[in-house]
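Okay, so here's the structure we're looking at.
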Amino acid sequence: MSKSDAQLSAIIDDVVRRNPAEPEFHQAVHEVLGCLGPVLDKHPEYVDQKVVERICEPERQVMFRVPWMTDSGEVRVNRGFRVEFNSQLGPYKGGLRFHPTVTLGTIKFLGFEQVFKNAITGQRIGGGKGGSDFDPKGRSDNEVMRFCQSFMTELYRYLGEHTDVPAGDIGVGGREIGYLFGQYKRITNRYESGVLTGKGLGWGGALVRTEATGYGTTFFVSEMLKVRGRSLDGQTVVISGSGNVAIYAIEKVTQLGGQVVACSDSSGYVHDPKGIDLDLLKQIKEVERGRVSDYAERRGGAAKFVQGSSIWQIPCTVALPCATQNELNEDDARALVSNGVIAVAEGANMPSTPEAVKVFQDAGVAFGPGKAANAGGVATSGLEMQQNHSRDRWSFEYTEEKLLQIMRCIHNLAYETAEEYGVPGDYVLGANIAGFVQVADAMMAMGLV
Ligand code: NDP
């Protein structure tokens, strides 16, 4: 073990010791720090100034009570979080997740990832993340509104368009952003458009933001295929999830000639060998807030719903995990490889376990980590902020073209950084190092922060 690797290993041990019961955060730190040995060899000043230790510690984290009332008058209490991880490159930026499994550790893992992801977008934004263990599933619009109002009544004091700018994530879409923005505006008496992104188009939102993460992941996988002399045209594609990221990944893959044969939700997956009917899926998921099992029913005999089993057993050449963390394990990766997968890009954050990533990399599969592959969402949030600041509105075509160029830049940055460090094709290493160096250099320049 090199001296730098030993130093990093000691830092990881310390992070685990000081942050007990946060396994996802440990996993994310492990993944990033595992790539940094060659960087520390090159930059002993980072070691002297304890830059890695500082980056692993959030600048600020808040936890708060969120009381609210159900339609039938029962009092409920949830917990709210905001972890403001790093503001060296710009205001904290990162989504809010509403899901019953959310803990401080979940938000810290997401916030940590966000720091490096945001850095490689080139948009001068820092990293943060927030959310709650509130479950919006099955709640009425009024209940969701009351929850969001209570949540923002505490959170507003930490936000600002130059301070901290949340967006959506799992369980937080346009409806929730609307309620959150409305409450922020009431409390502060400021129409501060740039304080939240993912807003409605009629009141400060940006075209393409809804589509951005799924489209961006698709652009990223196209770039990886291009390096190998291939394209998406004619590929058989499996996409997990059926939320915001998955739906727009299905849309763009289909536009580029791929055939998406399966998608899922937390109850199971649908296999539709002739290709997912996107209009029907959108109707069920975006309008009716239904389940993928409803999709299979309405497709008659064309599609099959399978409960509780792994979507990754379905043969495909391209796989896009777009649901949630650690949804694709070593066995799933082995099944994908033996079925002939050539490229995997993560639309979700950390959906592949470390063992799964190793299987892909050992098998020579092009593997795009979420930090790079799903950065189109936050990058387009950056474009929304630009439009808010200049009181401008860009067309769909103009914004999509910008997203495409940003995803190409991110791909090339990760690819070239991996080459520079002697591990060509390793996008995990390339993205981690490229993001880390930008943040580390800014920290060095700003004194002991
Ligand atoms: P949504 O809430 O819109 O959708 C999440 C989807 O994943 C739902 O279909 C959900 O099903 C499904 N899902 C959740 N848990 C599981 C599971 N264990 N197995 C199978 N399916 C599951 O969230 P998003 O699409 O916005 O986010 C998806 C991922 O992408 C997350 O990791 C998020 O952090 C990441 N991401 C999102 C960005 C964005 O712009 N939205 C930006 C960058 C990353 P069900 O309805 O049953 O819960």
Side-chain angles (χ1 to χ4, degrees), residues 24 28 93-102 106-107 109-114 117-118 121 127 129-131 134-138 166-177 197-198 206 208-217 220 238-250 262-270 281-282 284-286 288-295 305-312 320-329 332 345-352 368-384 403 407 410:
E24 292 156 336
K93 181 89 197 86
L96 298 171
R97 177 175 293 191
F98 291 170
H99 195 273
T101 60
V102 163
T106 321
I107 301 299
F109 120 65
L110 291 163
F112 187 71
E113 289 279 295
Q114 198 83 46
K117 178 192 305 190
N118 292 3
T121 65
K129 200 84 187 186
F134 170 71
D135 187 358
K137 226 176 271 164
D169 189 79
I170 291 178
V172 178
R175 173 182 61 171
E176 290 75 16
I177 293 291
T197 57
V208 189
R209 177 60 190 92
T210 303
E211 295 83 356
T213 309
Y215 277 23
T217 302
F220 193 91
V238 168
I239 297 181
S240 63
S242 49
N244 171 263
V245 180
I247 283 178
Y248 293 96
I250 296 172
C263 66
S264 61
D265 59 25
S266 52
S267 55
Y269 68 81
V270 279
L281 184 68
K282 279 186 177 175
I284 289 170
K285 282 288 168 180
E286 294 187 332
E288 300 167 21
R289 296 182 189 269
R291 314 298 298 157
V292 291
S293 51
D294 304 332
Y295 170 92
F305 172 69
V306 180
Q307 200 175 355
S309 176
S310 170
I311 192 174
W312 308 117
L320 305 180
C322 295
T324 193
Q325 64 269 17
N326 293 327
E327 52 155 317
L328 193 166
N329 64 24
D332 298 327
E346 297 184 326
N349 284 311
M350 211 169 71
S352 316
K371 200 175 283 120
N374 71 35
V378 72
T380 308
S381 278
L383 302 179
E384 183 174 333
L403 170 63
M407 294 314 295
I410 293 172

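As the structure is a prediction and not an experimental result, all values here were calculated from the model. In each ligand, atom 1 is the first atom listed, and ligand 1 is the first ligand listed.
Here the CG atom belonging to L320 is positioned 8.5 Å from the OG atom belonging to S240, to the nearest 0.5 angstrom.
Remark: R175 pairs with D141 by the side-chain hydrogen bond (donor to acceptor under 3.5 Å, both in side chains) rule, at least two apart or across chains. Partners of E288 according to the side-chain contact (heavy atoms from CB on, under 4.5 Å) rule, which considers only residues two or more places apart in sequence or in another chain, are Q283, I284, R298. With sequence neighbours left out, the salt bridge (Lys or Arg N to Asp or Glu O under 4.0 Å) criterion links D265 to K285, R291.
Between the E176 side chain and the G168 main chain, no donor and acceptor come within less than 3.5 Å of each other.
Enumerated by chain and number, the residues approaching ligand 1 to less than 4.0 Å through a heavy atom are R97, K137, D169, I170, G171, R209, T213, G241, S242, G243, N244, V245, S264, D265, S266, R291, C322, A323, T324, G347, A348, N349, N374.
Side-chain contact between T324 and I170: present, with at least one pair of heavy atoms (C-beta onward) separated by less than 4.5 Å.
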